[in-house]
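These notes concern the structure reproduced below.
Quick note: residue numbers are just sequence positions, from 1.
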Amino acid sequence: MPKPPEKSLRARALDALSRREHSRMELMRKLAPHTDNPDDLTTLLDDLQTRGWLSDARFAEQVVNARQSRYGSRKLAFELREKGVDEDLINAALVSLHDTELERARAVWERKFGQVPASAQEKAKQVRFLQSRGFGWDVIRKILGNIE
(Lines give C-alpha, C1' and ligand atoms only; values in the text may rest on other atoms or scores of the structure.)
Protein backbone atom coordinates (compact mmCIF):
# COMPACT_ATOMS: atom_id res chain seq x y z
CA MET A 1 0.00 0.00 0.00
CA PRO A 2 1.52 3.37 -0.99
CA LYS A 3 2.29 5.93 1.69
CA PRO A 4 0.00 9.02 1.56
CA PRO A 5 1.73 12.21 0.44
CA GLU A 6 3.18 14.45 3.15
CA LYS A 7 1.08 17.50 4.02
CA SER A 8 2.61 20.84 3.17
CA LEU A 9 3.49 23.24 5.95
CA ARG A 10 0.79 25.63 4.74
CA ALA A 11 -1.83 22.85 4.76
CA ARG A 12 -0.86 21.91 8.32
CA ALA A 13 -1.14 25.53 9.45
CA LEU A 14 -4.54 26.03 7.82
CA ASP A 15 -5.75 22.74 9.25
CA ALA A 16 -4.77 23.82 12.76
CA LEU A 17 -6.30 27.28 12.32
CA SER A 18 -9.54 25.82 10.95
CA ARG A 19 -10.03 23.92 14.21
CA ARG A 20 -9.43 26.83 16.62
CA GLU A 21 -7.51 30.06 17.08
CA HIS A 22 -3.79 29.75 17.83
CA SER A 23 -1.21 32.26 18.99
CA ARG A 24 1.76 32.78 16.71
CA MET A 25 4.13 31.05 19.16
CA GLU A 26 1.76 28.14 19.65
CA LEU A 27 1.41 27.57 15.90
CA MET A 28 5.16 27.93 15.45
CA ARG A 29 5.80 25.23 18.05
CA LYS A 30 3.23 22.99 16.44
CA LEU A 31 4.67 23.35 12.92
CA ALA A 32 8.40 23.43 13.73
CA PRO A 33 8.87 19.63 13.71
CA HIS A 34 7.53 19.53 10.15
CA THR A 35 10.11 21.81 8.53
CA ASP A 36 13.86 21.87 8.16
CA ASN A 37 14.01 25.56 7.33
CA PRO A 38 12.87 27.98 10.08
CA ASP A 39 12.78 30.82 7.53
CA ASP A 40 9.99 29.02 5.64
CA LEU A 41 7.99 28.82 8.84
CA THR A 42 8.52 32.50 9.66
CA THR A 43 7.50 33.49 6.13
CA LEU A 44 4.37 31.35 6.34
CA LEU A 45 3.36 32.80 9.72
CA ASP A 46 3.95 36.35 8.46
CA ASP A 47 1.72 35.61 5.46
CA LEU A 48 -1.03 34.16 7.66
CA GLN A 49 -0.91 37.25 9.88
CA THR A 50 -1.01 39.59 6.88
CA ARG A 51 -4.08 37.80 5.57
CA GLY A 52 -5.74 38.04 9.01
CA TRP A 53 -5.93 34.28 9.47
CA LEU A 54 -3.54 34.31 12.43
CA SER A 55 -4.12 36.90 15.13
CA ASP A 56 -2.78 36.97 18.67
CA ALA A 57 -5.40 39.58 19.60
CA ARG A 58 -8.24 37.37 18.39
CA PHE A 59 -6.67 34.37 20.13
CA ALA A 60 -6.45 36.28 23.44
CA GLU A 61 -10.08 37.42 23.21
CA GLN A 62 -11.23 33.90 22.43
CA VAL A 63 -9.35 32.40 25.39
CA VAL A 64 -10.69 35.08 27.74
CA ASN A 65 -14.28 34.66 26.53
CA ALA A 66 -14.15 30.89 26.78
CA ARG A 67 -12.58 30.71 30.24
CA GLN A 68 -13.70 33.85 32.07
CA SER A 69 -16.55 32.11 33.92
CA ARG A 70 -14.12 29.67 35.59
CA TYR A 71 -10.90 31.63 36.10
CA GLY A 72 -9.69 34.96 37.38
CA SER A 73 -7.79 37.49 35.34
CA ARG A 74 -4.44 36.52 36.90
CA LYS A 75 -4.68 32.92 35.68
CA LEU A 76 -5.91 33.99 32.25
CA ALA A 77 -3.02 36.45 31.91
CA PHE A 78 -0.56 33.74 32.92
CA GLU A 79 -1.95 31.29 30.35
CA LEU A 80 -1.78 33.91 27.60
CA ARG A 81 1.83 34.75 28.50
CA GLU A 82 2.68 31.04 28.25
CA LYS A 83 1.23 31.00 24.74
CA GLY A 84 3.46 33.91 23.71
CA VAL A 85 0.84 36.65 23.55
CA ASP A 86 2.19 40.20 23.86
CA GLU A 87 1.58 41.98 27.18
CA ASP A 88 -0.35 44.84 25.52
CA LEU A 89 -2.73 42.36 23.88
CA ILE A 90 -3.21 40.57 27.18
CA ASN A 91 -4.09 43.83 28.93
CA ALA A 92 -6.51 44.77 26.14
CA ALA A 93 -8.25 41.39 26.35
CA LEU A 94 -8.53 41.50 30.14
CA VAL A 95 -9.63 45.12 30.56
CA SER A 96 -13.32 44.20 30.56
CA LEU A 97 -12.86 41.53 33.23
CA HIS A 98 -11.71 43.80 36.04
CA ASP A 99 -15.24 45.16 36.59
CA THR A 100 -16.73 41.67 36.92
CA GLU A 101 -13.91 39.95 38.83
CA LEU A 102 -15.79 39.96 42.16
CA GLU A 103 -19.03 38.57 40.68
CA ARG A 104 -17.18 35.87 38.75
CA ALA A 105 -15.17 34.84 41.82
CA ARG A 106 -18.33 34.68 43.90
CA ALA A 107 -20.03 32.49 41.28
CA VAL A 108 -17.01 30.13 41.19
CA TRP A 109 -16.98 29.98 45.00
CA GLU A 110 -20.72 29.28 45.19
CA ARG A 111 -20.51 26.48 42.60
CA LYS A 112 -17.69 24.79 44.50
CA PHE A 113 -18.58 25.44 48.14
CA GLY A 114 -21.81 27.40 48.52
CA GLN A 115 -21.57 27.59 52.29
CA VAL A 116 -19.68 29.54 54.89
CA PRO A 117 -16.46 27.87 56.04
CA ALA A 118 -17.04 26.25 59.42
CA SER A 119 -13.40 26.31 60.52
CA ALA A 120 -10.11 28.00 59.83
CA GLN A 121 -9.02 24.91 57.90
CA GLU A 122 -12.08 25.08 55.68
CA LYS A 123 -11.53 28.80 55.10
CA ALA A 124 -7.89 28.13 54.15
CA LYS A 125 -9.07 25.47 51.71
CA GLN A 126 -11.48 27.92 50.09
CA VAL A 127 -8.81 30.62 49.88
CA ARG A 128 -6.39 28.20 48.20
CA PHE A 129 -9.05 27.14 45.74
CA LEU A 130 -9.85 30.71 44.71
CA GLN A 131 -6.14 31.56 44.45
CA SER A 132 -5.55 28.55 42.23
CA ARG A 133 -8.32 29.81 39.97
CA GLY A 134 -6.47 33.09 39.50
CA PHE A 135 -8.39 35.45 41.76
CA GLY A 136 -6.49 38.07 43.71
CA TRP A 137 -6.30 38.31 47.47
CA ASP A 138 -8.39 41.51 47.52
CA VAL A 139 -11.27 39.72 45.77
CA ILE A 140 -10.95 36.62 47.94
CA ARG A 141 -10.99 38.71 51.09
CA LYS A 142 -14.20 40.46 49.95
CA ILE A 143 -15.92 37.15 49.25
CA LEU A 144 -14.89 35.35 52.43
CA GLY A 145 -15.10 38.53 54.50
CA ASN A 146 -18.71 39.15 53.47
CA ILE A 147 -19.87 35.69 54.51
CA GLU A 148 -18.44 35.62 58.01
Joint hydrophobic cluster, Leu48 plus Val85, side-chain heavy atoms closer than 4.5 Å: no
Look up atom [atom1] in [X] and atom [atom2] in [Y], then write down how far apart they are to the nearest 0.5 Å.
| X | Y | atom1 | atom2 | value |
| --- | --- | --- | --- | --- |
| Ser119 | Lys125 | OG | NZ | 9.5 Å |
| Leu144 | Trp109 | CG | CH2 | 7.0 Å |
| Leu80 | Leu89 | CG | CG | 9.5 Å |
| Thr100 | Arg106 | OG1 | CZ | 12.5 Å |
| Gln62 | Ser55 | CD | OG | 11.0 Å |
| Arg19 | Asp15 | CZ | CG | 4.0 Å |

Return the minimal non-hydrogen interatomic distance between [X] and [Y], and the atom names on each side.
| X | Y | value |
| --- | --- | --- |
| Ser69 | Val108 | O-CG2, 3.4 Å |
| Leu130 | Ala105 | CD2-O, 4.0 Å |
| Leu17 | Trp53 | CD1-O, 3.6 Å |
| Asp56 | His22 | OD1-O, 4.4 Å |
| Ala16 | Leu27 | CB-CD1, 3.9 Å |
| Arg70 | Arg111 | CA-NH2, 4.3 Å |

[X]/[Y] ion pair, N-O < 4.0 Å:
| X | Y | value |
| --- | --- | --- |
| Arg20 | Glu26 | yes |
| Asp86 | Arg24 | no |
| Asp138 | Lys142 | no |

Any side-chain heavy atom of [X] within less than 4.5 Å of one from [Y]?
| X | Y | value |
| --- | --- | --- |
| Lys83 | Met25 | no |
| Lys75 | Phe135 | no |
| Leu14 | Arg10 | yes |
| Leu44 | Thr35 | no |
| Gln126 | Lys112 | no |

Just wondering, are more than 12 heavy atoms of other shown residues or ligands nearer than 6.0 Å to CZ in Arg74? no
Neighbour count >12 (heavy atoms, 6.0 Å) for atom CD, Glu103: yes
Does Asn65 use its side chain to pair, donor to acceptor, with the backbone of Glu61 at less than 3.5 Å? yes
Run the side-chain contact (heavy atoms from CB on, under 4.5 Å) check on Leu54 and Phe59 step by step: do they pass? CA-CA 8 Å; Leu54 177 64; Phe59 171 76; over 6 Å; no
Arg104 versus Gln68, side-chain donor and acceptor atoms under 3.5 Å: no
Decide side-chain contact (heavy atoms from CB on, under 4.5 Å) for Ser73 and His98; before the verdict, give the C-alpha distance in whole Å, the side-chain angles of both, and the deciding distance to 0.1 Å. CA-CA 7 Å; Ser73 55; His98 294 297; 4.0 Å; yes
Start with the C-alpha distance between Glu79 and Arg67, add both sets of side-chain angles, then the distance that settles side-chain contact (heavy atoms from CB on, under 4.5 Å), and finish with yes or no. CA-CA 11 Å; Glu79 287 180 6; Arg67 299 174 64 101; 3.0 Å; yes
Are Ile90 and Leu76 close enough, and set up right, to give a side-chain contact (heavy atoms from CB on, under 4.5 Å), and what steps lead you there? CA-CA 9 Å; Ile90 293 172; Leu76 293 172; over 6 Å; no
Taking the six-membered ring for Trp, is the centroid-to-centroid distance between Phe113 and Phe129 below 6.0 Å? yes
